[in-house]
Number of protein chains: 2
Amino acid sequence: MAFFRGRFLHSLDAKGRVAIPQRFRESLGGEEAELRLVMTVDPEGCLVVYPEAVWRELEQKWEALPQMNDELKTYLRFMVGWASDGALDRQGRILVPPPLREYAGLEHEVWFVGVLQNFEIWNGERLEKATGTDRVRSVTQKLSGLF
Amino acid sequence: MAFFRGRFLHSLDAKGRVAIPQRFRESLGGEEAELRLVMTVDPEGCLVVYPEAVWRELEQKWEALPQMNDELKTYLRFMVGWASDGALDRQGRILVPPPLREYAGLEHEVWFVGVLQNFEIWNGERLEKATGTDRVRSVTQKLSGLF
DNA sequence: CCACCTTCCCCCACTTTTCCCCACTAATCA
DNA sequence: TGATTAGTGGGGAAAAGTGGGGGAAGGTGG
């Protein structure tokens, strides 16, 4: 299973390409393996990127759900509706489609953040707000019962 | 299991490398063993360094939790998002990636502090504030029921 | 059906970072 | 006082990230 850790500052070029951090590329599988991935959005305001295999598991879970209620429909419209799949180019870069770029407020500088099974791509200011120490402290308090 | 104790003053060189105190290196396992470790940050403003095995246990705990939970996501963005794994070089040093260096306010002089299962790397002034006797006194009072 | 335009992806060239290896100094211990 | 071991610093090769030119592919409108 792939594991993504750490944060990396990269830059989106004028053509909308970003290099995936080498550490992440290694986690994506063998060198010649199909480096396919699926990206979508998170309500927090960032992009979320999954190795194709991980994404497929999510899809299977959704399909296996007993009934399709309104909440699930809303959720799928969001997660699946925004999803875009692609592959790395020969230089290890991906192309971020304009709608996703806009959703996540990505300009020139973007942060890659590993969160175990997948990773995220953030606008710097948003990331700072989302992971500021105040917020983390309060969250840690709430979680402290769990581990 | 490894045990880290004590504090040591070392210096970060211009390339961002620091030597791990020899005492700590011994605790990391056999000489030829894989001297791999994972470092991340603490809201208190320092770096936290784990032997790889200890870190993995933490990750396994996190993975067992429900992944849709927003609080957990925030927490992972912080802990895992800052994490950086690496190995000691031939001289027993590690490279501290620039984002971590900046987060912890590390300049030339840094303090290593052992805290049992892992150790921390501090900016001197911050360490002084965090472990000032006033603060420790009040904390000790609150804990006094526990042991 | 054909010209045009955009999008995407390949290649190449440049810069920066990382990580080897080696050499110097300081401290420790016979 | 020599010998060993820790910590420090720097040179240089290799790798990673960045940016741009140009051709192929695919969509659009006449």
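Here is how names work: the chains are called A, B, and so on, in the same order as the sequence lines, proteins then strands, and each is numbered from 1.
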When the distance from [atom1] of [X] to [atom2] of [N] is rounded to whole Å, what number comes out?
X        : N       : atom1 : atom2 : value
Phe24(B) : dG7(D)  : CZ    : P     : 11 Å
Gln22(B) : dT28(C) : CD    : P     : 14 Å
Phe8(B)  : dA26(C) : CZ    : C1'   : 17 Å
Arg25(B) : dG7(D)  : CZ    : C1'   : 8 Å

Query raised in the report: Does OP1 or OP2 of dT5(D) have a side-chain N or O of Arg23(B) closer than 4.0 Å?
Result: no
Listed by chain and number, what are the side-chain hydrogen bond (donor to acceptor under 3.5 Å, both in side chains) partners of [X], not counting sequence neighbours?
X         : answer
Asp42(B)  : none
Arg101(B) : none
Gln22(B)  : Arg25(B), Glu26(B)

Query raised in the report: Does Ser11(B) use its side chain to pair, donor to acceptor, with the backbone of His108(B) at less than 3.5 Å?
Result: no
Report summary line: Of Asp89(B) and Arg101(B), the one whose closest nucleotide on DNA chain C sits nearer the 5' end is Arg101(B)
Query raised in the report: For Arg90(B) and Leu88(A), take the nucleotide of DNA chain C holding the closest heavy atom to each; which residue's nucleotide lies nearer the 5' end?
Result: Leu88(A)
Requested in this report: Give the B/S/- string for nucleotides 18-27 of chain D, one per nucleotide from 5' to 3', where a protein heavy atom under 4.0 Å of the base yields B, of only the sugar-phosphate yields S, and otherwise -.
Outcome: SBBBB-----
Query raised in the report: Restricting to pairs with a member in residues 125-147 of chain B, which pass ring pair (Phe, Tyr, Trp, His ring centres under 6.0 Å), not counting sequence neighbours?
Result: none
**Report entry** Pairing residues for Leu76(A) by the side-chain contact (heavy atoms from CB on, under 4.5 Å) criterion, not counting sequence neighbours
**Finding:** Trp62(A), Met68(A), Leu72(A), Val80(A)
